[in-house]
There are 2 protein chains.
Amino acid sequence: MRDTTPQGTYKVQALDRAFAVLDLLGESETPLGLAQVAASLQLHKSTAHRFLMVLERHRMVERTANGKFRLGLRLFDLGNRAIEQYDLRDRAQPHLRRLVAETEETAHLALLEAARVIYIDKIEPTRAVRMITRIGASNPVHCTSVGKAILAFLPPERAAEVLRRIRFERMTHRTIATLEALRVELEKTRRRGYAVDDEELEEGLRCIAVPVLDAQRLPVAAVSVSGPSFRVTAAKLPSIANHLLQCVRGISVDMGYMPTGRGARAVASA
Amino acid sequence: MRDTTPQGTYKVQALDRAFAVLDLLGESETPLGLAQVAASLQLHKSTAHRFLMVLERHRMVERTANGKFRLGLRLFDLGNRAIEQYDLRDRAQPHLRRLVAETEETAHLALLEAARVIYIDKIEPTRAVRMITRIGASNPVHCTSVGKAILAFLPPERAAEVLRRIRFERMTHRTIATLEALRVELEKTRRRGYAVDDEELEEGLRCIAVPVLDAQRLPVAAVSVSGPSFRVTAAKLPSIANHLLQCVRGISVDMGYMPTGRGARAVASA
DNA sequence: GACGCGCGTCCCATCATATGAGAAGCTAAA
DNA sequence: TTTAGCTTCTCATATGATGGGACGCGCGTC
């Protein structure tokens, strides 16, 4: 396994011990007494006591009515801040780079907002013709592969909400123009596990996308590969889709959404 | 006087510093560099560096691509374990969902800690405008309905303890600003059995809350319904309060606080 | 009631530990 | 190339954590 612990050096005994206490309390089903903590971690009573008091002052642990210790709510607070400021973008970037290297086409990372998709990152292959997309820009869901990828795997009620909001603007002669046609297309997307935009947003541009699923297997974003139709041919789609699936799986693991690297296919659940 | 300041003593410098680092990163919108951290906390570069390396080893912080630091996912993990131990949240959820279905407004579940309330769960109606509250966040007791709901039903000596700690920050022009005014409000809350926050935290936001009582009839949490003042009108309050009371009664039963489903009204004991 | 036991709290002399000055690296911009 | 700003690393020092041990409390047993 690629070890992410480059240096075992850098030690602060007090911190290692304190975190061991938190770990222990986190593992334990029930609150633990001072003596139990001290014994489990081979700490002297007085040492354990001091740590617990300090941790309590920081609300990292708290005491139950009978004086036992358990994890405190400050952790809950910090934890929520951690994922909040945590952005998908930084995590996804290395995976996107690899994807671009593999496919030699442009990759996008996008989020769904209302009935539009917003591109939060874009990676281009070095020698490709520049695409005109701008990070931060948005497009309607119904004519983008990222939009369809997210929509297809959203729970029905949330998908319905988005569908209601779509105004079927026509971008090219191939743009999906009706709710019914879109429904059919989403079903197709679910079955094959990836979404395709075949010149529906822009003439000559073909894209393919898969959703990034969170721990609840809900799509939080989508990754796409886009390129000129003459290079991104129908025959190549399955192979590109495969790279995409590997890519989003990597992202999910890095986000902590999937416990291990192996897990089943990221999509194709329904 | 019997000091409630449990311990100003008990110090472990290393821990205080480490938690200061986590606080800082939690406050900051963007990831911070080593130099920024060291400067903000008046630590020496090398000290800050050592701490960050250790924190990183424990996955309490992580580094962005450009080497800056932000909170790590271990905190998210521990934070979730922290609330798991109160299984209040899990047990309450179905009841909250029903409440939201009935009222079509946002419901919150909150705990009291020190002189603040911490939101541990939030359920939003499907088509509501999203509220900005973040799970894990906290607010002062005196300007929230959940805070007042808990405070009003706490035994006098424990309530006094909390009251002493309140710093009457003003959030809107309606925020309760004095201890006396708050006392009157709490008395009113006790009499009618539910607490109201009438734009005291945020302009245009009205909330109503009732406490969740444990087996000893002591409040352990509170449930609130919040919505824009134009929808949550004064006329609707009694009806919403009724739904709330049913909701917390259900929670109490599920938690094993009340032997049967019928028991008397959850509140209105005093 | 007295005793023993387990547990949490507290104190303080000792020395292991964290500390921080500073040097060395690294990268990007001038 | 130099400079500036940042991170990484080393090491002698004394600060700050450590843990032995005393104390007190509550509980169950004799």
Side-chain angles (χ1 to χ4, degrees), chain A residues 3-25 28 30-72 90 93-94 97, chain B residues 1-25 28 30-72:
Chain A
D3 197 356
T4 325
T5 321
Q7 66 287 13
T9 166
Y10 289 118
K11 222 186 152 189
V12 177
Q13 191 190 49
L15 283 191
D16 288 337
R17 289 174 161 186
F19 291 139
V21 170
L22 294 181
D23 279 8
L24 181 68
L25 294 178
S28 164
T30 77
L32 301 175
L34 169 61
Q36 291 170 288
V37 172
S40 304
L41 301 176
Q42 321 234 56
L43 292 179
H44 196 271
K45 273 188 313 173
S46 64
T47 306
H49 182 248
R50 188 164 4 92
F51 275 106
L52 285 165
M53 297 312 271
V54 174
L55 288 170
E56 188 188 14
R57 180 156 47 77
H58 286 278
R59 293 173 36 225
M60 294 298 188
V61 308
E62 54 185 42
R63 310 194 73 160
T64 60
N66 54 39
K68 296 190 180 296
F69 297 89
R70 69 167 160 217
L71 295 182
D90 291 353
Q93 217 169 54
R97 289 193 191 286
Chain B
M1 121 166 113
R2 173 251 352 231
D3 199 356
T4 323
T5 321
Q7 64 288 29
T9 164
Y10 290 118
K11 222 185 152 190
V12 177
Q13 191 190 52
L15 285 190
D16 287 338
R17 288 173 162 189
F19 291 139
V21 170
L22 294 181
D23 278 9
L24 181 68
L25 294 177
S28 164
T30 80
L32 300 176
L34 168 61
Q36 291 169 287
V37 172
S40 304
L41 303 176
Q42 321 234 59
L43 293 178
H44 272 250
K45 284 180 307 175
S46 63
T47 305
H49 182 248
R50 188 161 7 89
F51 274 101
L52 285 164
M53 296 313 273
V54 173
L55 289 170
E56 187 187 16
R57 179 156 49 77
H58 286 278
R59 293 177 35 230
M60 295 298 190
V61 307
E62 51 183 47
R63 311 194 72 161
T64 60
N66 54 39
K68 295 190 179 296
F69 297 89
R70 69 164 154 227
L71 296 182

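Quick note on labels: first sequence line is chain A, next is B, and so on, each numbered from 1.
Here C:dT19 presents its C1' atom at 17 Å from CE of B:M53, a figure rounded to the nearest Å. One can place OH of B:Y10 at 13 Å from P of C:dG8, the figure rounded to the nearest angstrom. Whole-Å rounding puts the A:L15 CG to D:dA17 P distance at 11 Å. In this structure, CG of B:N66 is placed 12 Å from C1' of D:dC6, rounded to the nearest angstrom. Atom P of nucleotide D:dC9 and atom NZ of A:K11 are separated by 18 Å, given to the nearest angstrom. The CZ-P distance, from A:R57 to C:dT9, rounds to 15 Å in whole Å. Rounded to an integer number of Å, the gap from CG of B:L32 to C1' of D:dC6 is 14 Å. Atom CD in A:Q13 sits about 11 Å away from atom P in D:dA17, given to the nearest Å.
When each of C:dT9, D:dT10, C:dT19 is scored by its nearest atom to the side-chain atoms of B:R17, the top-ranked nucleotide is C:dT19. For A:R50, taking side-chain heavy atoms from C-beta onward, the closest of the listed nucleotides C:dT19, D:dT8, D:dT18 is D:dT18. Of the candidates C:dC7, C:dC10, D:dT7, C:dC10 carries the atom nearest the A:H49 side chain, counting heavy atoms from C-beta on.
In this structure the side chain of B:L22 reaches within 4.5 angstrom of the side chain of B:F19, judged on heavy atoms. Taking 4.5 Å as the limit, some side-chain heavy atom of A:V61 sits within range of a side-chain heavy atom of A:E56.
In this structure, B:K68 and A:S46 both approach DNA chain D, and ranking their closest nucleotides by distance from the 5' end singles out B:K68. Of the two residues contacting DNA chain C, namely A:V12 and A:L34, the nearest-nucleotide position lying further toward the 5' end is that of A:L34.
Under the salt bridge (charged side-chain N to carboxylate O under 4.0 Å, His left out) criterion, A:R59 pairs with B:E113, not counting sequence neighbours. Considering only residues two or more places apart in sequence or on other chains, A:D16 meets the side-chain hydrogen bond (donor to acceptor under 3.5 Å, both in side chains) condition with B:R57, B:H58.
Nearest heavy-atom pair, A:V37 versus A:L24, reported as atom, atom and distance to 0.1 Å: CA-CD2, 3.9 Å. Residues A:H49 and A:L34 approach most closely at N-CD1, 3.4 Å, considering heavy atoms. Summarising the geometry of B:G33 relative to B:F69, their closest heavy-atom pair is C-CD1, 4.5 Å, with the distance given to 0.1 Å.
One finds no side-chain N or O of B:T47 lying less than 4.0 angstrom from the OP1 or OP2 phosphate oxygen of C:dT19.
Looking at residues 36-45 of chain A, you'll see A:K45 sit with a heavy atom under 4.0 Å from some atom of DNA chain C.
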